[in-house]
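Presented below is the structure to which this report refers.
Being a predicted model, the structure only gives us computed values, none of them experimental.
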Amino acid sequence: MLTIDYDRLGVAGGQLVLDLGCGTGRHAFEVLRRGARVVALDLGAEDLRQARDWMGAMAAAGESAAAGHAVRADGRLLPFADATFDRVIVSEVLEHVPEDESVLREIRRVLRPEGRVAASVPRWFPERICWALSEEYHSNPGGHVRVYRASELAAKLGRAGFRVLEADTHHAHALHAPYWWLRCAVGLANDAHPLTRAYHRLLVWDITARPAVTQGLDRALNPLLGKSVVLYASNAG
């Protein structure tokens, strides 16, 4: 399940891309499929191990011709030289980091002139409902520390020195917003609740089978219910 639109970001073969806060590597894998090299970076050792294993499996299966590397590091102090990367992806990460503007400044430092960044965060409206329904959703260790409006993220990107490409801003994952509202309502730990389980099966079906009916519904509802907002910015300043 991808949040970032790679065509809007302009990912192409031969580029070097940083997936900052990669988790288990869902965005890094697509970078490799497009023929670009990727550095998958995260603080979580177990997630990073899974990302490394999957990238190795892709290479062994001939699914990627480019190189993928896994690096454990803090996004607030990136272990790379200035102007290293052509593109940077930071998806569903900044809402977890108290010093989010420090991360954005580091991204700009390691991004090459005219490079681009794609940043996604939970959208304000769906996120506010989750916070209202569940204290646990945002107060647990590693949880979300803020709720963004798109204008706030755009302003922070601007202060870091980026030029936001406003025409390319979009929303994603509308079908996921009601699922998280439901989980917050019944209790995040209540995985056995029949409504939660049924909705989860629907989402798994949507992700794996990509049926036209759910894909079309998701696209139609994204402007209203999209759980994530995605901004693209250029290092042209």
Side-chain angles (χ1 to χ4, degrees), residues 2-23 26-28 30-32 34-42 66 71 73-127 144-173 219 222-224 226-237:
L2 299 176
T3 305
I4 304 304
D5 184 325
Y6 287 74
D7 294 329
R8 297 186 201 222
L9 182 57
V11 174
Q15 292 176 340
L16 180 59
V17 180
L18 173 64
D19 183 7
L20 195 162
C22 65
R26 63 192 176 102
H27 284 102
E30 181 64 19
V31 172
L32 292 174
R34 290 183 175 236
R37 297 169 293 149
V38 69
V39 174
L41 181 144
D42 206 281
V71 175
D74 191 322
R76 297 167 296 184
L77 189 63
L78 295 172
F80 310 112
D82 295 358
T84 296
F85 296 95
D86 299 290
R87 300 288 186 268
V88 176
I89 295 169
V90 55
S91 180
E92 311 302 301
V93 173
L94 296 171
E95 69 274 14
H96 297 277
V97 184
E99 305 90 351
D100 58 343
E101 295 197 55
S102 296
V103 175
L104 293 176
R105 287 192 296 270
E106 275 291 272
I107 289 173
R108 185 164 189 262
R109 181 185 66 78
V110 302
L111 194 59
R112 290 173 181 161
E114 304 300 325
R116 289 189 177 188
V117 57
S120 78
V121 294
R123 188 183 187 179
W124 186 88
F125 168 61
E127 185 76 351
H144 298 182
V145 299
R146 71 178 60 79
V147 180
Y148 286 95
R149 290 187 183 273
S151 57
E152 178 188 357
L153 180 56
K156 290 184 175 184
L157 284 162
R159 286 197 293 272
F162 291 102
R163 178 172 60 86
V164 177
L165 309 172
E166 294 184 5
D168 285 334
T169 299
H170 64 92
H171 301 96
H173 311 317
R219 286 192 298 270
N222 271 334
L224 179 64
K227 191 175 189 302
S228 297
V229 59
V230 191
L231 275 67
Y232 301 84
S234 171
N235 189 20

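- Between Glu152 and Lys156, at least one side-chain nitrogen of the basic residue sits less than 4.0 Å from a carboxylate oxygen of the acidic one, meeting the salt-bridge criterion.
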- Query: Could you go step by step and tell me if Asn235 and Phe162 meet the side chain to side chain contact (heavy atoms under 4.5 Å, CB included) rule?
  - Reply: CA-CA 5 Å; Asn235 189 20; Phe162 291 102; 4.2 Å; yes

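- Here the CZ atom belonging to Arg112 is positioned 4.5 Å from the CG atom belonging to Asp86, to the nearest 0.5 angstrom.
- Residues Val31 and Ile89 meet the side-chain proximity criterion, which asks for heavy atoms closer than 4.5 Å.
- Nearest heavy-atom pair across Leu231 and Ala150 is CD2-O, 3.9 Å.
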- Query: Between Val39 and Thr84, is a side chain to side chain contact (heavy atoms under 4.5 Å, CB included) present by the stated rule, with each step listed?
  - Reply: CA-CA 11 Å; Val39 174; Thr84 296; over 6 Å; no

- Message: For a side chain to side chain contact (heavy atoms under 4.5 Å, CB included) check, start with the C-alpha distance between Asp5 and Tyr232, then their side-chain angles and the critical distance, and finish with the verdict.
- Response: CA-CA 10 Å; Asp5 184 325; Tyr232 301 84; 3.2 Å; yes

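- Heavy atoms only, all atoms of each residue included: Glu114 and Ser234 are closest at OE1-OG, 4.4 Å.
- For the side chain to side chain contact (heavy atoms under 4.5 Å, CB included) with Arg105, the qualifying choice from Arg109, Glu101, Arg108 is Glu101, the only one to do so.
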Solution key, residues 10-17 side-chain donor-acceptor pairs under 3.5 Å, sequence neighbours excluded:
unit_1 : atom_1 : unit_2 : atom_2 : d
Gln15  : OE1    : Ala12  : N      : 2.9
Gln15  : NE2    : Gly10  : O      : 3.1

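- Every residue meeting the salt bridge (Lys or Arg N to Asp or Glu O under 4.0 Å) condition with Glu30, not counting sequence neighbours, appears here in chain and number order: Arg33, Arg34.
- In terms of heavy-atom proximity, Arg76 sits nearest to Val103 at CG-CG2, 3.7 Å.
- For residues 82-107, the set of pairs meeting the ring pair (Phe, Tyr, Trp, His ring centres under 6.0 Å) definition, not counting sequence neighbours, comprises Phe80-Phe85, His96-His144.
- Rounding to the nearest 0.5 Å gives a distance of 7.0 Å between CG of Leu153 and CG of Leu104.
- Taking CG of Leu157 as the start and CD1 of Ile107 as the end, the distance is 8.0 Å to the nearest 0.5 Å.
- With sequence neighbours excluded, the residues satisfying side-chain contact (heavy atoms from CB on, under 4.5 Å) with Ala73 are Leu41, Val71, Pro79.
- Residues Glu95 and Ser120 share a closest heavy-atom pair of OE1-O, 4.3 Å.
- Shown here are the side chain to side chain donor-acceptor pair (under 3.5 Å) partners of Arg26, two or more places apart in sequence or in another chain: Thr3.
- In this structure, Glu127 contributes its side chain and Val147 its backbone to no donor-acceptor pair below 3.5 Å.
- The two residues Asp42 and Gly21 make their nearest non-hydrogen contact at OD2-C, 3.2 Å.
- At a threshold of 4.5 Å between non-hydrogen side-chain atoms, the residues Arg146 and Asp100 count as touching.
- Within the model, atoms OG1 of Thr169 and CZ of Arg8 stand 8.5 Å from one another, a figure rounded to the nearest 0.5 Å.
- Contacts of His173 classified as ring pair (Phe, Tyr, Trp, His ring centres under 6.0 Å), with partners at least two apart in sequence or in another chain: His176.
- Here the closest heavy-atom approach between residue Pro126 and residue Lys227 is recorded as CG-CA, 4.1 Å.
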- Query: Should Val145 and Val97 be marked as a side chain to side chain contact (heavy atoms under 4.5 Å, CB included) after you check the CA-CA gap, both sets of side-chain angles, and the distance that decides it?
  - Reply: CA-CA 7 Å; Val145 299; Val97 184; over 6 Å; no

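- Between the side chains of Tyr6 and His27, not a single donor N or O lies within less than 3.5 Å of an accepting N or O.
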